[in-house]
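What follows is a set of notes on a single structure, which appears directly below.
Remember, it's 1-based here, ligands and their atoms both numbered in the order they're listed. All values derive from a computational prediction rather than experimental measurement. Only this structure's heavy atoms are used, side chains among them; waters, hydrogens and symmetry mates stay out.
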Amino acid sequence: MAHAQTAPSRYVVEAYDIHKSFGDFEALKGVNLTVAPQELVFIIGPSGSGKSTMLRCCNLLEQPTSGQVKITGEEITNRSVDINKVRQRIGMVFQQFNLYPHMSALGNVSLALRKVKKMARSEAEDRAQAALQRVGLADKAGNHPTELSGGQQQRVAIARAIAMEPDVILFDEPTSALDPELVGSVLEVMRELRESGMTMVVVSHEMRFARDAADRVIFMDGGLVVEEGTPERIFTDARSDRLKSFLHSVT
Ligand code: ADP
Ligand code: MG
């Protein structure tokens, strides 16, 4: 069995039978999620269905009540694993960008490279500058968050994730806090990331983006995966009443 645990996995993320309770309330009731290399998996569902909790269980920002999570085959729900090390391999982009207000864009992107990856300043800043270039913000490296639009701030947050060269990036409603005219620039960056082969899990209400860019769509409701399939299948051939009524409410 020791052998099986170290064997390479064909999945980047595997989560099996994840349960998560908050007190008496069961937010996740046995959710499975597997994400293959370079796959973009989209999670949709009504507010309160457990989408964020599921994402957070994938990097142990929430400890599942039971179930197993593996990242590139390594079981991270095993208590002997150094979770801080594993988290370096899992990028996370939140609705609220969580940038440090007193630091420039370059400072925000290079911080973890220096503090966590222990890179020298010049190397960290070179890599951060390259990440900012990828999100179209090479000329904003010296700007502070307050000098950037919401869309630009979110692109800095994405650059921060990219710079760590993670195995997967988890996005939790990355465009929900943005003015409508700024959403497109963030989705464009995400589309380019996908084309460059990044493995991504995206929670979002941007159904058109899901249709265009997702390899697979997962519909959650009430702490469970209710339906799962290609975008084509989910958006044109909904089977459950719950998915039908959800799609009706958002499109
Ligand atoms: P979604 O992201 O789909 O809107 P969440 O995963 O945020 O849903 O929440 C799922 C359910 O779990 C909700 O009912 C929410 O109120 C509850 N919940 C989430 N986090 C906590 C927490 N830290 N404490 C108590 N209840 C929580
Ligand atoms: Mg949420």
Side-chain angles (χ1 to χ4, degrees), residues 13-35 40-69 71 76-77 83 87 90-99 150-151 153-154 157-158 160-161 168-180 182-183 186-187 190 199-211 213-214 216-229 231 234-235 238-251:
V13 180
E14 297 162 271
Y16 299 116
D17 199 23
I18 302 299
H19 290 251
K20 177 63 185 179
S21 294
F22 298 106
D24 290 340
F25 178 74
E26 198 174 26
L28 297 177
K29 301 174 181 170
V31 176
N32 296 314
L33 173 69
T34 53
V35 185
L40 194 165
V41 174
F42 222 89
I43 303 179
I44 62 173
S47 179
S49 56
K51 305 180 300 295
S52 295
T53 304
M54 187 59 202
L55 274 193
R56 293 164 64 82
C57 281
C58 290
N59 60 3
L60 300 198
L61 283 178
E62 297 285 0
Q63 182 73 42
T65 309
S66 65
Q68 190 185 45
V69 179
I71 300 294
I76 65 170
T77 32
I83 187 58
R87 285 210 188 102
I90 310 173
M92 181 115 194
V93 174
F94 300 91
Q95 178 174 342
Q96 301 303 338
F97 328 120
N98 298 345
L99 300 178
Q153 290 181 59
Q154 189 60 299
I158 294 171
R160 178 175 56 187
V168 57
I169 303 182
L170 313 175
F171 294 82
D172 194 358
E173 301 205 28
T175 61
S176 295
L178 301 178
D179 292 333
L182 302 178
V183 168
V186 171
L187 296 182
M190 291 171 66
T199 306
M200 301 160 74
V201 183
V202 180
V203 172
S204 167
H205 297 291
E206 295 290 334
M207 296 299 152
R208 192 150 11 117
F209 182 64
R211 257 177 194 250
R216 195 148 48 88
V217 178
I218 291 175
F219 170 61
M220 289 184 65
D221 194 15
L224 287 166
V225 174
V226 176
E227 291 195 42
E228 177 171 354
I234 292 293
F235 292 117
R239 289 166 195 178
S240 62
D241 288 340
R242 287 198 278 179
L243 175 55
K244 284 178 194 166
S245 89
F246 173 73
L247 290 176
H248 195 75
S249 72
V250 292
T251 50

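- Within the 4.5 Å cutoff, side-chain heavy atoms of R216 are placed close to those of T34.
- Between E62 and ligand 1, no N or O atom pair is found at a separation short of 3.5 Å.
- Summarising the geometry of P46 relative to F219, their closest heavy-atom pair is CD-CE1, 3.8 Å, with the distance given to 0.1 Å.
- Of the possible polar contacts, one joining the E227 side chain to the S240 backbone as a donor-acceptor pair under 3.5 Å is found.
- Contact of the V93 side chain with the R160 side chain is not registered, since no non-hydrogen atoms from C-beta on lie closer than 4.5 Å.
- Side-chain contact between F209 and T175: absent, with no pair of heavy atoms (C-beta onward) separated by less than 4.5 Å.
- In plain terms, the two heavy atoms of L224 and V31 that are nearest each other are CA-CG2, 4.3 Å.
- Annotation: G50 places an N or O atom under 3.5 Å from an N or O atom of ligand 1; distance criterion only.
- Residues L170 and C58 have side chains in contact (heavy-atom distance under 4.5 Å, counting atoms from C-beta outward).
- At the top of the distance list for atom 6 (O) of ligand 1, counting protein heavy atoms only, stands T53 OG1, 2.5 Å.
- Residue, atom and distance of the protein heavy atom nearest to atom 3 (O) of ligand 1 are K51 NZ, 2.8 Å.
- Closest to atom 17 (C) of ligand 1, if we only count protein heavy atoms, is F25 CE2, 3.9 Å.
- At least one donor-acceptor pair under 3.5 Å links the side chain of Q154 to the backbone N or O of F94.
- The two residues A214 and P231 make their nearest non-hydrogen contact at O-CG, 3.2 Å.
- The nearest pair of heavy atoms linking F171 to L55 is O-CD1, 3.4 Å.
- The shortest N or O to N or O distance between F22 and ligand 1 is not under 3.5 Å.
- For ligand 1, the atoms lying closer than 4.0 Å to a non-hydrogen atom of A27 are 11 (C), 12 (O).
- When distances from atom 27 (C) of ligand 1 to the protein are checked, a heavy atom turns up under 4.0 Å.
- Listed by chain and number, the protein N, O or S atoms at a distance under 2.8 Å from the Mg ion (ligand 2) are S52 OG.
- Counting only heavy atoms of the protein, atom 4 (O) of ligand 1 lies nearest to G48 N, 2.7 Å.
- From the protein, the heavy atom lying nearest to atom 7 (O) of ligand 1 is S52 CB, 3.7 Å.
- The atoms of ligand 1 that sit less than 4.0 Å from any heavy atom of P46 are 3 (O).
- Side-chain atoms of K51 do not come within 3.5 Å of backbone N or O of V202 as any donor-acceptor pair.
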